[in-house]
Amino acid sequence: MKNDPTSRPVDAGGAAPAKHFIRQIIEEDLRANTHGGRVVTRFPPEPNGYLHIGHAKAVCLNFGMAREYGGECHLRMDDTNPTKEEVEYIESIREDVRWLGFDWGKHFYYASDYFDKMYECAAQLIRKGKAYVCGLTAEEWSKDYRGAPPAPGRASPSRNRPPEESLALFEEMRAGKHPDGSLCVRAKIDMASPNLHLRDPVLYRILHATHPNTGDRWCIYPTYDFAHPLEDAFEGITHSLCTLEFEVHRPLYDWVIENLDGLPSRPRQYEFARLNLNYTVMSKRRLLELVQEGRVRGWDDPRMPTICGLRRRGYTPESIRAFTEVIGLTKYESLSDVARLEHGLRDDLNKRAARRLAVLNPLRVIIENADALPASVNAVNNPEDESAGTRPVPFSSELFIERDDFMENPPPKYFRLSPGGSVRLRYAGFLTCTRVEKDAIVCKWSPPEAGLKVKGTIHWVSAKHAVPAEIRLYDRLFTVEDPLAQAAAEGKDYHEFLNPDSLVTVAGFVEAGLADVRPAERFQFERLGYFCADPDSTPGKLVFNRTVTLKDPWAKAAGKR
RNA sequence: UGCCCGAUGGUGUAAUGGUAGCACAACUGACUCUGGAUCAGUUUGUCUAGGUUCGAAUCCUAGUCGGGCAGCCA
């Protein structure tokens with residue numbers, strides 16, 4: 001088993017993945033034949049927002065375990081609360097899961113598919129005397145009955161209502177004869193339990209709301225605690241993986257399964273720590289705030305940690321999958337470093353992205369010996385991939401180079417251009433600066449054969465041929481690692497930590513060959529970083545997003561000075 | 001407050017009673033037509049106190065710290 005290559009996930013960089021506790025549980029179950037040798041998982045989002053990288057961890061875990069152990073993974077919309085869910089999110093969730101590289105096959109479900117069966121299950125519990133219809137309001141319940149541990153709670157006056165009477169009321173609830181909140185179905189468990197979830201939790205509540213899927217067919221809806229174990233049991237889920245906050249719900253999950261007859265399977269719930277990433281926020285509520293307040297341009301703003309944001313930014317699904325594997329899986333909360341995500345992305349793009357020349361902040365260069373110039377030079381498309389070949393790049397006597405690549409008074413160890421100095425022009429010989437004018441520098445060009453001894457190589461584009469492009473430079477959304485925690489600790493509003501420079505738009509130039517890029521095409525602009533064409537980009541007006549910079553020791557050292 | 005869960009370098013993790021390892025980050029150096037990539041190397045860690053044991057990151061007890069629950073949200 002240990003050396004079985006088929007049991008390894010695709011993106012673990014060749015190394016065997018860590019046998020985290022979920023893998024151990026699954027392998028133990030397989031050995032013991034706990035679920036008849038089956039592995040069935042599910043990803044159960046509530047369709048009330050867009051998926052973010054935290055969800056990607058759950059998606060990759062659930063689909064990944066199924067793939068790895070020859071099982072299946074269901075995609076299930078957990079739509080048990082019509083007051084919060086909307087159809088518009090459903091397709092975006094499906095798209096994001098697909099983009100991440102997973103396939104649910106025919107196993108796409110809605111919790112609402114099971115409303116009839118769930119109703120029957122509640123009726124069964126009532127008939128058995130294990131549930132009852134309670135007439136207390138939510139407020140009365142929490143104020144006077146539920147109690148606060150260590151003190152026990154008080155029994156609802158309806159707790160011993162005869163099953164026939166509860167059943168009749170339940171039927172009336174369903175028929176719409178009672179207003180929202182007037183009645184609910186409660187499990188009869190233990191009003192003295194130190195676990196609040198076992199003090200007669202609500203199983204069904206009245207909600208006169210139109211459901212995106214079932215319309216007005218129902219006005220009563222099951223709660224998460226009742227619905228989730230049932231959905232899992234109906235679908236034959238073997239390992240129901242959820243986040244840590246559901247740990248205390250597990251006894252109730254088990255209670256529901258154990259007290260119902262006729263369930264087709266016996267699922268088990270296991271909990272893992274959700275993903276936290278530094279320099280961003282992850283909750284749906286905060287993300288929604290950023291969108292609504294106009295701090296970002298939308299859910300798919302490339303600065304957002306949403307899947308659609310990362311996609312637009314230029315992230316590859318492979319790098320996201322690799323990230324979710326490499327951060328591991330534990331039962332304690334931690335804060336992962338985005339540097340890890342970025343590392344995986346560079347690693348991936350370095351091998352795949354075609355190299356191009358682009359200048360973000362142009363400085364005009366006039367070549368004084370224009371007579372001997374080639375019309376074009378041959379550039380390597382990808383030094384990591386010989387099969388990518390080469391391309392011609394037009395050359396001329398007027399170039400743009402990066403403003404950062406020239407200094408009149410350079411500090412020590414500056415390897416670039418300065419008056420009297422020389423540099424290599426990437427793929428195109430050498431430049432020696434002879435004088436500085438107001439809006440340009442004048443240089444002498446030497447061919448590659450000149451073999452000048454230089455320390456640096458700089459990128460360039462031909463001013464006559466280059467195409468103007470809008471280039472959007474992104475940086476982290478927040479200036480501190482954990483904006484919410486720090487705001488709470490310092491009594492501040494987390495908005496104070498918003499990075500004002502998270503988006504800087506510049507007017508640059510890209511080499512002529514890029515004039516007809518299609519949105520989402522990814523490139524490395526040499527010496528600058530990885531970029532991708534934005535959906536806003538058209539042949540007449542190019543727009544690129546900087547996905548991530550290249551590592552830049554010089555810039556870092558400069559930042560320290 | 002009660003109950004539940006947890007704690008390993010700066011960060012994320014591995015070691016399942018037997019040499020504390022890996023990755024990211026940081027720092028050196030080599031190489032290089034990307035100050036990229038690659039390669040070599042360095043620095044840094046078992047929350048505390050007791051106990052069990054030939055031997056404890058691992059098991060036990062207590063404490064400390066952190067997280068979670070107290071919606072008819074999920």
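Chain letters run A, B, ... following the sequence lines, proteins first, then strands; residues in each count from 1.
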Of all the heavy-atom pairs spanning A:Met173 and A:Tyr204, show the shortest one and how long it is.
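Closest heavy-atom pair between A:Met173 and A:Tyr204: CE-O, 4.4 Å.
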What do you reckon, do A:Trp554 and the base of B:G35 stack, with centroid distance below 5.5 Å and planes below 30°?
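Yes; by the centre-distance and plane-angle rule, A:Trp554 counts as stacking on B:G35.
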In plain terms, say whether A:Glu231 and A:Arg42 are close enough for a salt bridge, that is, a side-chain N and a carboxylate O under 4.0 Å apart.
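Salt bridge: no.
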With [atom1] as the reference atom in both, quote the distance from [N] to [M] in angstrom, rounded to an integer.
{"N": "B:U58", "M": "B:G45", "atom1": "C1'", "value": "16 Å"}
{"N": "B:C5", "M": "B:A40", "atom1": "P", "value": "44 Å"}
{"N": "B:U64", "M": "B:C47", "atom1": "C1'", "value": "7 Å"}
{"N": "B:G35", "M": "B:G67", "atom1": "P", "value": "45 Å"}

Determine the contact category for [X]: base if any of its heavy atoms lies under 4.0 Å from a base atom, sugar-phosphate if only primed atoms, P, OP1 or OP2 are that close, otherwise nothing.
{"X": "A:His459", "value": "nothing"}
{"X": "A:Leu335", "value": "sugar-phosphate"}
{"X": "A:Arg346", "value": "nothing"}
{"X": "A:Arg416", "value": "base"}
{"X": "A:Lys351", "value": "nothing"}

Does [N] have a Watson-Crick or wobble mate here (both distances under 3.5 Å), and if so which one?
{"N": "B:A15", "value": "none"}
{"N": "B:G6", "value": "B:C65"}
{"N": "B:U34", "value": "none"}
{"N": "B:U53", "value": "none"}
{"N": "B:C72", "value": "none"}
{"N": "B:U42", "value": "B:A26"}

Sole residue of A:Arg186, A:Arg159, A:Lys130 in salt bridge (charged side-chain N to carboxylate O under 4.0 Å, His left out) with A:Asp200
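The option that passes is A:Arg159.
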So, is [X] close to the [N] phosphate, meaning a side-chain N or O under 4.0 Å from OP1 or OP2?
{"X": "A:Arg205", "N": "B:C73", "value": "yes"}
{"X": "A:Thr330", "N": "B:U13", "value": "yes"}
{"X": "A:Arg527", "N": "B:G35", "value": "yes"}
{"X": "A:Ser334", "N": "B:U13", "value": "yes"}
{"X": "A:Tyr427", "N": "B:U34", "value": "no"}
{"X": "A:His343", "N": "B:C24", "value": "yes"}

Which of the following nucleotides, B:U34, B:C72, B:G68, is nearest to the side chain of A:Thr223?
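So the side chain of A:Thr223 is nearest to B:C72.
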Which one, B:C72, B:G68, B:G35, comes nearest to the side chain of A:Phe415?
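Selected nucleotide (nearest to the side chain): B:G35.
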Is the NZ atom of A:Lys455 crowded by more than 12 outside heavy atoms at less than 6.0 Å?
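No, the 6.0 Å shell around NZ holds no more than 12 heavy atoms from other groups.
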Which is more 5' along RNA chain B, the nucleotide nearest A:Gly456 or the one nearest A:Thr80? Just name the residue.
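Final value for this comparison: A:Gly456.
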Calculate the interatomic distance between A:Asp225 atom CG and B:C73 atom P; express it in whole Å.
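After rounding, the gap between these two atoms is 11 Å.
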With hydrogens left out and only the distance checked, is there a donor-acceptor pair under 3.5 Å joining A:Glu247's side chain and the base of B:G6?
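Absent.
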Base B:U11 paired with A:Arg340 side chain (donor-acceptor, <3.5 Å)
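A donor-acceptor contact between them is absent.
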Is the glycosidic torsion of B:G67 within 90° of 0, making it syn, or is it anti?
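Nucleotide B:G67 adopts anti.
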Within 45° of the six-membered ring axis of A:Tyr145 and under 6.0 Å from that ring's centre, is NZ or CZ of A:Arg154 located there?
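Judged by the rule, A:Arg154 and A:Tyr145 form a cation-pi pair.
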Measure from the ring center of A:Tyr253 to the ring center of A:His249 and say whether it is less than 6.0 Å.
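A:Tyr253 vs A:His249: aromatic centres not under 6.0 Å.
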